*Asks:* 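Handing you a structure now.
Note that ligands are numbered from 1 as they come in the structure, with each ligand's atoms numbered from 1 the same way. Please read these numbers as outputs of a predicted model, since none were measured by experiment.
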Amino acid sequence: MAKRVVLAYSGGLDTSVAVRWLGDELGLEVIALAADVGQGGDFERVRERALAAGAVEALVVDCREEYARDFVAPALKANAKYEGKYPLVSALSRPVIVKHMVAAAREHGADAVAHGCTGKGNDQVRFEVSTRALAPDLETLAPVRGWGLTRQQSIEYAERAGIPLTVTKESPYSVDQNLWGRTVECGILEDPWQAPPEDVYELTTPTATEPVELTIAFERGLPVALDGSELPLHDLIGEVTRAVGSYGWGRIDMVENRRVGIKSREIYECPGSLALLMAHADLEDLTLERELAHEKARLEPRYADLIYDGLWFSPLKEALDAFVEESQRYVSGEVRLRCEPPGRCIVAGRRSDAGLYDYGLATYEAADRFRHQDAEGFVRLWGLGVETWAARQARRRQ
Ligand code: ARG
């Protein structure tokens, strides 16, 4: 039986009750670990709350840079969107959190890790499968999945245990957020027929009144500068999120297939990630050779599925990363995004020194260098098989 556990701690009600519960019910020493993945908020208060709940140690780890570089960047290069829509906000952050939980467990001599997920979601899968990939010797505990408390009972438990409840009324929604976007579930959203009320949105409240253009420079598949100023990836994502979000663009309302067999209605706000994914894919259209582009497009949904399903640390994911990395060799250049109120963001232009767009081949003007005479023989041979088949059809009908 474990003695010390590292708990992924958010500062919310469930994980606060989990701190106390793991101590009282299982006799464990709890080390609370809060990971800063760009969700915002006051981490000093989060730390204090963990200690007030009974943690022997409360750690805050700033993972923003690493998260952007090692987790978001590969997903962006792979144009990863689950079911063609969701840029994997929560799915991408779990493996980086697990990495730090495992490191903390080693450092502080813990023999288990724990998370506050319920049994109905994908995040439990991601936490536990990632842990088994990185540290198969650690036990994984899921107190919230086991204790069967209703929300009201959790509140009462917290009150009895003297855990300070947040003064603000807890939101009726379940929210997860990091620098790649924001997810919203529960409450009225559980009825897929109901339009989401405006109060679910935070990153995409329309405030901009004038159009704007953003120029994003890419190098080997990654955004490196915004309007001429170089920025670290995590800051660049933040800037694009704020700029594009102010046009009310970047909302997703979808019914998705969870790994555990449930369909769920999800609201996502992803102005930064969707804009960067759109710009990146557009630059690929300009720079990737056709067969490479088409094969990559076939692999992208597979890549997104692996991330969604908790298989970030897995051999197929590693192999696909190698393919994707190689594919990005010439994905360098600039993309111009144009935002207009209300709710519009489009690619307005793209250019690259490594582009495969050849004006001399594409133009219908005088500069045309395309050898028109070559087309005749090409088209005849291209259609030869079909022509032969059609001739047989004609003979059979006689
Ligand atoms: N359905 C999304 C996913 O599986 C969002 C999950 C949000 N997680 C959460 N703990 N609220 O990635």
*Asks:* Below a 4.0 angstrom heavy-atom separation, can you tell me which part of Arg258, side chain or backbone, both or neither, approaches ligand 1?
*Replies:*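 Under 4.0 Å from ligand 1, Arg258 contributes no heavy atoms.
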*Asks:* Going by the rule ring pair (Phe, Tyr, Trp, His ring centres under 6.0 Å), which residues pair with Tyr303 if we only count those two or more places apart in sequence or in a different chain?
*Replies:*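 Tyr303 satisfies ring pair (Phe, Tyr, Trp, His ring centres under 6.0 Å) with no other residue.
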*Asks:* Under the side chain to side chain donor-acceptor pair (under 3.5 Å) rule, collect the residues that match up with Arg380, sequence neighbours excluded.
*Replies:*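 Residues passing side chain to side chain donor-acceptor pair (under 3.5 Å) with Arg380: none at all.
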*Asks:* So is Gly121 in contact with ligand 1, going by heavy-atom distances below 4.0 Å?
*Replies:* no
*Asks:* Are side-chain N/O atoms of Glu365 and Thr363 paired as donor and acceptor at under 3.5 Å?
*Replies:* no
*Asks:* Would you check whether Asp123 has a nitrogen or oxygen atom less than 3.5 angstrom from a nitrogen or oxygen atom of ligand 1?
*Replies:* yes
*Asks:* Asn122 to ligand 1: N or O pair under 3.5 Å?
*Replies:*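 Yes, at least one N or O pair falls under 3.5 Å.
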*Asks:* Counting each atom of ligand 1 from 1 as listed, which ones have a heavy atom of Glu256 under 4.0 Å away?
*Replies:*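 Reading through ligand 1 atom by atom, the close ones are 1 (N), 2 (C), 3 (C), 4 (O).
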*Asks:* What atoms of ligand 1 come within less than 4.0 Å of a heavy atom belonging to Arg94?
*Replies:*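 What qualifies from ligand 1 is 10 (N).
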*Asks:* Looking at Glu266, which atoms of ligand 1 are within less than 4.0 Å of one of its heavy atoms?
*Replies:* 1 (N), 2 (C), 5 (C)
*Asks:* Heavy-atom contacts with Tyr86 under 4.0 Å: which atoms of ligand 1 show up? List them by number with element.
*Replies:* 2 (C), 3 (C), 5 (C), 12 (O)
*Asks:* Ignoring hydrogens and geometry, is there a side-chain-to-backbone donor-acceptor pair from Arg49 to Pro164 under 3.5 Å?
*Replies:* yes
*Asks:* For ligand 1, which atoms have a heavy atom of Ser174 less than 4.0 angstrom away?
*Replies:*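 Ligand 1 atoms under the 4.0 Å threshold to Ser174: 11 (N).
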*Asks:* Is the Tyr308 ring parallel, tilted or perpendicular to the Tyr82 ring (thresholds 30°, 60°)?
*Replies:* parallel
*Asks:* For atom CD of Glu376, is the number of surrounding heavy atoms from other residues, nucleotides or ligands below 6.0 Å larger than 12?
*Replies:*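 At most 12 heavy atoms, drawn from other residues, nucleotides or ligands, come within 6.0 Å of this atom.
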*Asks:* Nearest protein heavy atom to atom 2 (C) of ligand 1, by residue and atom, and its distance?
*Replies:* Tyr268 OH, 3.1 Å
*Asks:* Where is the tightest heavy-atom contact between Arg259 and Asn122, given as atom of each residue plus distance?
*Replies:* N-OD1, 2.8 Å
*Asks:* Decide whether the shortest distance between a heavy atom of His115 and an atom of ligand 1 is less than 4.0 Å.
*Replies:* no
*Asks:* Which atom pair, heavy atoms only, marks the closest approach of Arg251 to Pro206?
*Replies:*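 Smallest heavy-atom distance, with atoms named: NH2-CD, 4.0 Å.
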*Asks:* Check whether Tyr268 forms a cation-pi arrangement with Arg182 (NZ or CZ under 6.0 Å from the six-membered ring centre, at most 45° off the ring normal).
*Replies:*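 No, cation not above the ring by the 6.0 Å, 45° rule.
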*Asks:* By number and element, which atoms of ligand 1 are closer than 4.0 Å to a non-hydrogen atom of Arg126?
*Replies:* 3 (C), 4 (O), 12 (O)
*Asks:* Checking a contact table here: which protein heavy atom is nearest atom 6 (C) of ligand 1, and how many Å away?
*Replies:* Ser90 OG, 3.5 Å
